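I have placed the structure first, in the form of structure tokens, so that the comments after it can refer back to it.
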Amino acid sequence: MSDESNLSGVEKIKRESHHLRGTIAEELKNAEPAFGKETEQLVKHHGFYQQHDRDRRGETGPDGKRLGKAYSMMVRTKLPGGRLSARQMLDEIELCERYGNGDLRLTDRQGIQIHGILKGNVKATIRAICEAQMTTLGACGDVCRNVLSCPAPYRNNRVRDEMHAMARRISDHLLPRSKAYSEIWLTDPETGEKELAGGTDSEVIEPLYGDTYLPRKFKVAMALPEDNCVDVYTNDLGFVAIVENDRIAGYNVLVGGGMGVTPSNKNTFPAVAQPLAFVTPENVLRAVEAVVKTQRDFGDRSDRKRARMKYLIHDWGLDKFRAKVEEYYGEPLAAPRPVAEAGVEDHIGWHEQGDGRWFYGLHIDNGRVIDRDGCQLKTAIRRVCEQLEPNLSITAHQSLLFADVAPEQRGQLEAILRENGVKLDGEISEVRRWSIACVALPTCPLAVTESERVMPDVMAQLEADLRRLGLENEKFTVRMTGCPNGCARPYNADIGLVGKTKNKYTIYLGGTLRGDRLAFIYRDVVPLEELAAALVPVLAYFKRDRSEGETLGDFCHRKGAEDLLGFAENCSEGELSGLAGLSERP
Ligand code: SRM
Ligand code: SF4
């Protein structure tokens, strides 16, 4: 248990907030463009972040004086398993145009973000999201975040639906119970009347979380052994379904994943989750509670850099952690079942659902839903939703699935995409399909450099190099972030590009598509313009020395950093050119 005298500032803010109320309601009434420092921490639990436009830093007014920060809010919708209806997607699009900066951002946790909302419009935005039967409650803050589950709408057996239903149950179970959310966002300030349902009350206000909620964010995901498309190993708590006779017999429980690193603190590190136990479906919520209580009571509340559950497990060891979880669970936990974890799908392109209908996975570059010259992606999605009314789901790769499309509607869907300049799956390179980048500049306050905005150029260079090497059909992940916090999960990718300082990146290699192994540092402080070139020797070496069927990540893992660097330093230009046709490199 944490020492009361040593609590971090955020712990005190939460404790004194009267269950997430603080002075949010009062501050909403004033004309200031921003919330105060303490409220900035609290509003995260309600599903939004206070940000400012970093492109506009240092702007001056007509008098030549520096203007203040251009504040706005980013509101995040939480969608368990990433599912939403066409109507809900249309509502999100309308909201980003009415109150936001005009585009949507699909996240790698199957959520939706609207950026650029002025403080005066945040209440209307949250109300509208709730009116559309979605929520922002707990999308951020020290609680359980969006619960991930495979978004593919296969209907030939009930496995994915059962898993999705369980993700919803976990998500509902771990919602904050305080009425603060409905009071502040869903109640008429004049009459005090509650206008929309939301938030429940009970005698004990937060029976699970307590007055100070969790020490830090808490992430849960559910995956299938043959399809870890949600990257289950990067979560605090993961569930891998054990399927018998087309039904889920239970889940292997994984604990302690997490990506964030603080380079100045050598005691911080990324971790992939480890197997803890096996539970049957009826015991999942009990197990979730037991793990959450263990982290609630023993997670570090003095140092937010070491407050995630991965550090508790590291400091205690898995056996001590399991023993404590079992105390809360009330009996010994069964050992995890042996399971061959094989694959990962991105669900892009056409797939028969198993009920005569189809789903189409639309790759979206870094999740940004925007109309640009030559590619009217937002318009295309709007038209598909209006005309075909498909069910939708967001993938953990920041992309979108249109579900339940009748066979005779397939042509119409493709035509809408084509008319709006949106590329179909066959026109997108393998490397682009499997790449993601975090938001970074200009909205993320923690970014030290660019990510989403430069990723398309890095992709274009890599696409050209891979073509020259004859490796364009290789399947591997490239994930880029604008700082070491790891939002695009770069530390378990085949190639991770992590922002180190302005315009410079650390290159990680040797993770895997399956996501169950950490990558190592290959090169540090590499300028943006040299990233693709720095990877060419690795790709060329892979082409020459890979064993049959070996993936890029497995090859790099086998060789290790020293060997890869040795090859890069010693191979002659001639050898590289021979392997890669690099004389043609522009
Ligand atoms: Fe993240 C903080 C964006 C997934 C680890 N993340 C942030 C903030 C909110 C910056 C801030 O604290 O002010 C970023 C907002 C940028 C913006 O302008 O939109 C941000 N994170 C994102 C998103 C949008 C990235 C994306 O491009 O998709 C993802 C939103 C997911 C969602 O819908 O909930 C997002 N963040 C992740 C993931 C990936 C995942 O969860 O699967 C991670 C790594 C896994 C993990 O949590 O360990 C991640 N974000 C972080 C961290 C480091 C946490 C840590 O333990 O050290 C921070 C910083 C923090 O919490 O202090 C952070
Ligand atoms: Fe921001 Fe860093 Fe997360 Fe990218 S990885 S969104 S730069 S916090």
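Predicted, not measured: the structure shown is a model, and the values here were computed from it. The basis for the numbers below is simple: all heavy atoms, side chains too, and nothing from hydrogens, waters or symmetry mates. First listed ligand is number 1; within each ligand, the first listed atom is number 1.
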Might you list the protein residues in contact with ligand 1, defined as having a heavy atom under 4.0 Å from one of its atoms, sorted by chain and number?
Tyr49, Gln51, Met74, Arg76, Arg105, Thr107, Asp108, Arg109, Gln113, His115, Arg216, Lys217, Lys219, Gly258, Met259, Gly260, Arg308, Gln398, Ala437, Cys438, Val439, Thr443, Cys444, Pro445, Leu446, Asn485, Gly486, Cys487, Arg489

Can you confirm whether more than 12 heavy atoms, excluding those of His52, are under 6.0 Å from its NE2 atom?
yes

Do other residues, nucleotides or ligands put more than 12 heavy atoms under 6.0 Å from His164 NE2?
yes

Numbered in order shown, the ligand 2 atoms found under 4.0 Å of a heavy atom of Gly486 are 5 (S)

Which atoms of the protein, restricted to N, O or S, are nearer than 2.8 Å to atom 1 (Fe) of ligand 2?
Cys444 SG

Between [X] and [Y], is there a side-chain N and carboxylate O pair less than 4.0 Å apart?
X	Y	answer
Lys219	Asp236	no
Lys12	Glu16	no
Arg453	Asp55	yes

Would you confirm whether the ring centroid of Phe48 sits within less than 6.0 angstrom of the ring centroid of Trp185?
yes

With ring-ring contact (aromatic ring centres under 6.0 Å, His included) as the test, pick out the partner of Tyr311 among Phe321, Phe269, Phe298, Trp316.
Phe269

Hey, is the main chain of Met74 close enough, under 3.5 Å, to the side chain of Gln113 for a donor-acceptor pair?
no

Kindly indicate, with the supporting measurements, whether the criterion salt bridge (Lys or Arg N to Asp or Glu O under 4.0 Å) is fulfilled by Lys119 and Glu27.
CA-CA 10 Å; Lys119 176 168 162 262; Glu27 291 185 48; over 6 Å; no

